*Asks:* 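Supplied in structure tokens, the structure appears directly below.
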2 protein chains.
Amino acid sequence: MATSDPVYLRVVEDIRRQINDGTLPPGAPIPSRAQLTRKYQVGETAARHALRVLVTEGLVIGRVGSGHYVRERPILMPLHRWRFPEHPTPFAADLQTQGRRVTWEWQIDSTEATPEIARRLRLPLSAKLTRTRYLYRGEGRPLQLAISYEPVEFAAHLDEERRGVVARMSAHGVRITEIRETVHTRVPRPAEADALQLPAGTHVLHVERTHWAGERPMETSDIVLPGDRFRVTYSMPVG
Amino acid sequence: MATSDPVYLRVVEDIRRQINDGTLPPGAPIPSRAQLTRKYQVGETAARHALRVLVTEGLVIGRVGSGHYVRERPILMPLHRWRFPEHPTPFAADLQTQGRRVTWEWQIDSTEATPEIARRLRLPLSAKLTRTRYLYRGEGRPLQLAISYEPVEFAAHLDEERRGVVARMSAHGVRITEIRETVHTRVPRPAEADALQLPAGTHVLHVERTHWAGERPMETSDIVLPGDRFRVTYSMPVG
DNA sequence: GCCGCAAAGTTGGGGCTCCAAGGGTCGTCG
DNA sequence: CGACGACCCTTGGAGCCCCAACTTTGCGGC
């Protein structure tokens, strides 16, 4: 509103307003650089900068050779976190119950505990761990990345029996009593942006999941979801 | 890695690598525009663009007149979501238990249900609601925004007794049995960026909380947290 | 009526420059 | 010895330009 702030922000705010109030519906074209310079009486740098801000905010996408368009707001996919079916991760199972075809691939290797993972599993640094990397796809597109860590002694037959952590640990005589998950948001790492085919400006939801047997953490995993397409739902009983 | 991708990305990737592997620790200065042009043999535009990308990624902050510095990674504040103390929202209580002074202010007014809120509370459109807006502060800085909606008939004495939803509903003979929360991430709205004093490039965590009495939703609220400072933790018992 | 090609428009990378506002440093003056 | 000011450096806003790669459009010919 203030006439003192940068001119590119004036442009950004005007376009953002038009997107929010529906004047520019999803899919609608945004004026080009040349049109913006004329319409708002600004230089090319300001017009260009304004468009870049809108792109990194995720409100708009740019198509080379064509133009900028209001981004279609994808429907946020719900992931319900209070059922624990017999699946590698509840996420995939939950997605399937919504009538979506979800496929996943994984690869297993050995690694040593990094400071972060050692802390989470309460193990000494460079303890031997089995690491499993998952990539989930739905309708062809990548949906979710996950990396699971657990002590090597529990990982026998991991590649054959794809049962959930709870069931598999139980087969080793370990009773999982609790699952804790921590959700935060951050900028995707380059590898993640690549694997999940994230458009510029989107963030990811990072879910840190740990399976506990009483006071002992038994398995931990990092689950990375495109922030613009997922919402994670939790249920807690009261009283 | 590929020598074909834009030169500014080469610069970004090199600096990002140095930040990640600790060569550039938090607080360390990033080479200035002039130094980058010399060091990487690129034009000023590329150097400038590289710095901007690092800033919007949240890895680096720029101080006018001084330079760019590796951003101090704020310690992510945990908010544990499995205790329900007698406080307006569990968030504030949880923060306090960590030895932080948290203050909050609120204002109450009346409003009609928007499509979104009507859906969540299963009420007809434009049903009469009491809306309470909260702003939480910790150590002077704004921490969290929340807007709570509930049918007017439960809101008596809302401004006097600041008890939690569960306790207050119970006084009206309504037993809350379940709390559901949905977490997603998005770009802050301008008013939120302003109220929470969010630096450029940060996202927010948006928690949608609903209190249920059996199959009836009784209260719903939108809780907005700075994505770069908060992590939300949930616990689920197994078996 | 349809096809293909050329021209025009658009994005995104990159270059150069000027300038205001502010931080840092060092030396001089009181 | 301490305070203050000058000077240099840095960021961030803004302007203008060139070009490659790509999309869209419209026209002419078949």
Side-chain angles (χ1 to χ4, degrees), chain A residues 1-15 24 27-72 190 193-194 197-202, chain B residues 1-16 24 27-72 193 198-202:
Chain A
M1 291 288 168
T3 53
S4 62
D5 54 23
V7 292
Y8 84 89
L9 268 188
R10 251 189 43 226
V11 180
V12 168
E13 275 159 24
D14 194 52
I15 296 175
L24 288 171
I30 303 289
S32 72
R33 250 151 54 179
Q35 291 172 318
L36 287 178
T37 56
R38 284 196 296 275
K39 180 172 177 189
Y40 293 94
Q41 293 292 310
V42 297
E44 218 215 82
T45 310
R48 183 189 282 239
H49 193 11
L51 288 170
R52 178 175 291 279
V53 168
L54 290 167
V55 168
T56 59
E57 275 183 359
L59 284 174
V60 153
I61 55 164
R63 273 193 268 273
V64 183
S66 171
H68 285 90
Y69 301 87
V70 179
R71 188 133 161 252
E72 309 278 351
D194 197 49
Q197 291 171 25
L198 299 174
T202 54
Chain B
M1 289 288 171
T3 53
S4 64
D5 53 24
V7 293
Y8 83 89
L9 268 187
R10 253 190 40 227
V11 180
V12 168
E13 274 159 24
D14 194 53
I15 296 175
R16 192 155 45 193
L24 288 171
I30 303 289
S32 72
R33 252 153 51 180
Q35 290 172 320
L36 287 178
T37 56
R38 283 196 296 276
K39 181 172 177 190
Y40 293 93
Q41 294 291 310
V42 296
E44 225 216 74
T45 311
R48 184 189 281 242
H49 193 11
L51 288 171
R52 177 176 293 278
V53 168
L54 291 166
V55 168
T56 58
E57 275 183 0
L59 283 174
V60 153
I61 55 164
R63 273 193 268 274
V64 182
S66 172
H68 284 91
Y69 301 88
V70 179
R71 185 131 164 254
E72 308 280 350
L198 299 175
T202 54

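Both backbone and side-chain heavy atoms feed into the values below; hydrogens, waters and symmetry mates do not. A note on names: the letters A, B, ... follow the listed sequences, proteins ahead of strands, and every chain is numbered from 1. Just so it is clear, the model here is predicted, and its values are computed rather than measured.
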*Asks:* Please check if the number of heavy atoms outside B/R52 that lie under 6.0 Å from its CZ is greater than 12.
*Replies:* no
*Asks:* So, using side-chain contact (heavy atoms from CB on, under 4.5 Å) as the criterion, who are the partners of B/L24 when residues are at least two apart?
*Replies:*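 Per chain and number, B/L24 pairs via side-chain contact (heavy atoms from CB on, under 4.5 Å) with B/I15, B/Q18, B/I19, B/A28, B/I30, B/V70.
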*Asks:* Roughly how far apart are B/Y8 OH and B/L54 CG, rounded to 0.5 Å?
*Replies:* 11.0 Å
*Asks:* For a quick test of reading the model, state the closest non-hydrogen atom pair linking B/P31 to B/L51 and the distance between them.
*Replies:*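 The answer is O-CD2, 4.3 Å.
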*Asks:* Output side-chain donor-acceptor pairs under 3.5 Å for residues 37-47 of chain B, partner residues at least two apart or in another chain, one line each.
*Replies:*
from: B/T37; atom 1: OG1; to: B/A34; atom 2: O; distance (Å): 2.5
from: B/Y40; atom 1: OH; to: B/D14; atom 2: OD2; distance (Å): 2.5
from: B/Q41; atom 1: NE2; to: B/R38; atom 2: O; distance (Å): 3.1
from: B/E44; atom 1: OE1; to: B/R33; atom 2: NE; distance (Å): 3.4
from: B/E44; atom 1: OE1; to: B/R48; atom 2: NH2; distance (Å): 3.4

*Asks:* Working to the nearest 0.5 Å, report the span between CD1 of B/I61 and CG of B/L59.
*Replies:*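 One finds 12.0 Å between CD1 of B/I61 and CG of B/L59.
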*Asks:* Any chance you could list the contact pattern along nucleotides 11-17 of chain D? Use B for base contacts, S for sugar-phosphate-only contacts and - for none, protein heavy atoms under 4.0 Å, 5' to 3'.
*Replies:* BBBBBBB
*Asks:* Using nucleotides 3-8 of chain D, report all nitrogen or oxygen pairs with the protein that are shorter than 3.5 Å.
*Replies:*
none

